[in-house]
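Nothing here was measured: the structure is a model prediction, and the numbers come from that model. We're numbering straight along the sequence, starting at 1.
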Amino acid sequence: MKVIKSSEICSLIKDGDMVFYPGITLGGFAEESVIEIEKSFLATGHPRDLTVYWQSGVGNRGDRGFAHMAYEGLLKRGVGGHLKGCGPAVERLAGENKAEIYNFPQGVMATMPRYIAAKKPGVITKVGLGTMMDPRQGGGAMNQKARDAEDLVEIINIHGEEWLLYKLPKIDVTIIRGTYADEKGNISIKKEGYQLGQLALAEAAKACGGIVICQVEKIISSGAIPPKEVKVPGIMVDYVYVAKPEYHWQTAQTVYNPVYAGEYKVPLDSIPLEKLSPRKVIARRAAMELSPYSVVNLGVGIPEAVSSVATEENVLHLLTLTTEAGGIGGVPANKHDFGCCWNADATLEMADQFDFYDGGGLDFGCLGALQIDEKGNVNSSMLNGGGIGVGGFMNVAGGSKKIVFTTIFCGGMEARLGDGKLEITREGDIKKFTNALEQISFNGELAIKDKKEVMFVTERAVFELTEAGVELKEVAPGISIEEDILDQMDFMPIIKDVKLMPAGIFNEKWGGLAEVMERKMKG
């Protein structure tokens, strides 16, 4: 292991290299390395034409993280688990067709390094069949430049069944992150909030004849890291550099929270609760679909509020909440701390968590939706032609026995809540229930074949996916089915027996979720 300055990184990366980064938000991401790459490219034009793979949304949805790589000429090809989380610059690079941009499921990106390390043929999975990951629907290509380039996903047949094979890259450089490196190059991740495959990435780079660079907070004496706390042994690490503190945040909004690192726990009443809004109404109604003792994943956006509702309603002890980044138990953090947990029972390797999900380990998944069609197909990955990406969406949907999709019924709406009812004060102008899906991120027909329970929850209506299509099941008190629901949809749902949504969820205080859970426990 050789200690270098971050400014020396660019001398180790050649034009045309393939670089693989771990990271989610800014957690586990070696941000100082991309800043140095950006500086070098703007000053000299090198390194250039890089192929870069990344696991998730890496950044603060602004100008930090992977946004530093978003230059035409610097990036030839980008393959990531999410785009929007990387910021507008990455979205623009894709939308303006200035680099080949692909989006793969986060679970594929998380598990890929260990398949590279073991020299396997690819990541073989059913995750993504019948969606925009399927080669018949684009193979994960998010722009024309990618569609015109190499196909990175294949359909293969094993024992009479269709599977997707996600091709593996040959890694020239991986740049990982830890907390400490000792003088032999052994790496500890003691203060990290996640385990993001640092070992698998180091092994993968070595299997490809590539190099491993690690960003750390500090270099300490040999032997100071207990053997079981060594995440990556020094024999797999080529270079280490000490980062400036401002480029080594635990997440995209937190410099360091010892609770996220599992050092201690805090009273849950210290966690801020969700304020009353249509978002909270949706989260409350979605939470009513939970069953006692369920293993749960909550996606980004409105689903994040379900954990706040469960905490406020004192039912958290009846659930095991998980995050795709590896958290088991406790309360998932939200916004730019996404993936971390307050008071987790365990923090798994992200790849191991996705194995659990893909194997059907989830009882309940709550996910966001941008568009829904009459067959129950869902778009969560493309908006107005701009690539957003799926993150862990497909893995959660594929691995959950029951799925609740949440969305504001019409984008841009405004409403008044209280007195047990909902009043639309300004109707939105973006229809969510439409047959003009920009991409298919979830295949409703395949979900029905797999006997999954699928529901769609909004602030004014609840729908269920049946073999015959999308059926309207509930409407909010104060809402007109004709004017507020059917007139705002591009297709006619099935209408049979429509009930009212519970009035209490529209009030400042509710207190009804514990009763719902108690009834389910009794019968």
Side-chain angles (χ1 to χ4, degrees), residues 19-31 34 52-62 64-70 78-87 89-91 94 101-114 123 127-128 133 140 142 166 169 174-177 189 192-198 200-201 249-254 260 297-301 303-304 322-327 332-341 347-355 357-358 367-368 380-381 387-397 399 441:
V19 186
F20 205 133
Y21 275 100
I24 179 169
T25 70
L26 290 177
F29 182 61
E31 187 177 26
V34 293
V52 182
Y53 278 53
W54 65 94
Q55 292 172 327
S56 183
V58 180
N60 63 349
R61 299 196 173 212
R64 295 194 63 179
F66 198 70
H68 293 287
M69 300 282 280
V79 183
H82 205 262
L83 303 186
K84 191 173 183 65
C86 299
V90 177
E91 293 180 84
I101 303 296
Y102 299 79
N103 170 226
F104 286 173
Q106 189 177 334
V108 169
M109 299 305 298
T111 57
M112 186 176 282
R114 63 189 187 199
V123 178
V127 174
M133 299 297 169
M142 297 300 279
Y166 294 83
T174 188
I175 306 180
I176 61 175
R177 195 179 97 176
I189 61 168
E192 296 289 329
Y194 316 91
Q195 297 192 73
L196 299 176
Q198 291 93 337
L201 272 165
W249 284 25
Q250 192 179 39
T251 74
Q253 73 182 26
T254 299
Y260 295 162
N297 175 277
L298 304 174
V300 70
E304 294 174 333
T322 70
T323 73
E324 53 259 51
N334 61 17
K335 297 182 180 177
H336 295 308
D337 286 337
F338 184 77
C340 286
C341 285
T347 302
L348 306 186
E349 275 281 356
M350 184 162 69
D352 293 335
Q353 186 80 300
F354 277 113
D355 281 347
Y357 287 0
D358 291 349
L367 298 163
S380 72
S381 52
I388 292 173
V390 293
F393 176 99
M394 289 185 177
N395 304 92
V396 172
S441 316

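- Between the Thr254 side chain and the Gln250 main chain, no donor and acceptor come within less than 3.5 Å of each other.
- Residues passing the ring-ring contact (aromatic ring centres under 6.0 Å, His included) test with Phe338, sequence neighbours excluded: none.
- In this structure, SG on Cys86 lies 12.5 Å from CD1 on Ile388, to the nearest 0.5 angstrom.
- Between Val127 and the choices Met133, Met394, Gln106, the side chain to side chain contact (heavy atoms under 4.5 Å, CB included) rule is met once, by Met394.
- Using modelled atom types, one side-chain atom of Arg177 and one backbone atom of Phe29 make a donor-acceptor pair closer than 3.5 Å.
- Side-chain contact annotation: Thr251 with Thr25, donor-acceptor N/O pair under 3.5 Å absent.
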* Pair Phe393-Ser381, side chain to side chain contact (heavy atoms under 4.5 Å, CB included): steps then yes or no -> CA-CA 9 Å; Phe393 176 99; Ser381 52; over 6 Å; no
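- Under the 3.5 Å distance criterion, with hydrogens and angles disregarded, a donor-acceptor pair is assigned to the side chains of Asn297 and Glu324.
- Side-chain atoms of Gln195 come within 3.5 Å of backbone N or O of Thr347 as a donor-acceptor pair.
- A donor-acceptor pair is defined here as one N or O able to donate and one able to accept, closer than 3.5 Å; no such pair exists between the side chain of Asn103 and the backbone of Val79.
- Aromatic ring orientation, Tyr21 versus Phe66: perpendicular (interplanar angle above 60°, classes split at 30° and 60°).
- No side-chain donor-acceptor contact under 3.5 Å links Gln55 to the backbone of Met109.
- For Tyr357 and Thr322, the side-chain atoms include at least one donor-acceptor pair closer than 3.5 Å.
- Judged by distance alone, with hydrogens and angles left aside, the side-chain atoms of Thr323 form a donor-acceptor pair with the main-chain N or O of Gly339 at under 3.5 Å.
- Although no hydrogens or angles enter the test, the distance criterion places no donor-acceptor pair under 3.5 Å between the side chain of Gln198 and the main chain of Ile176.
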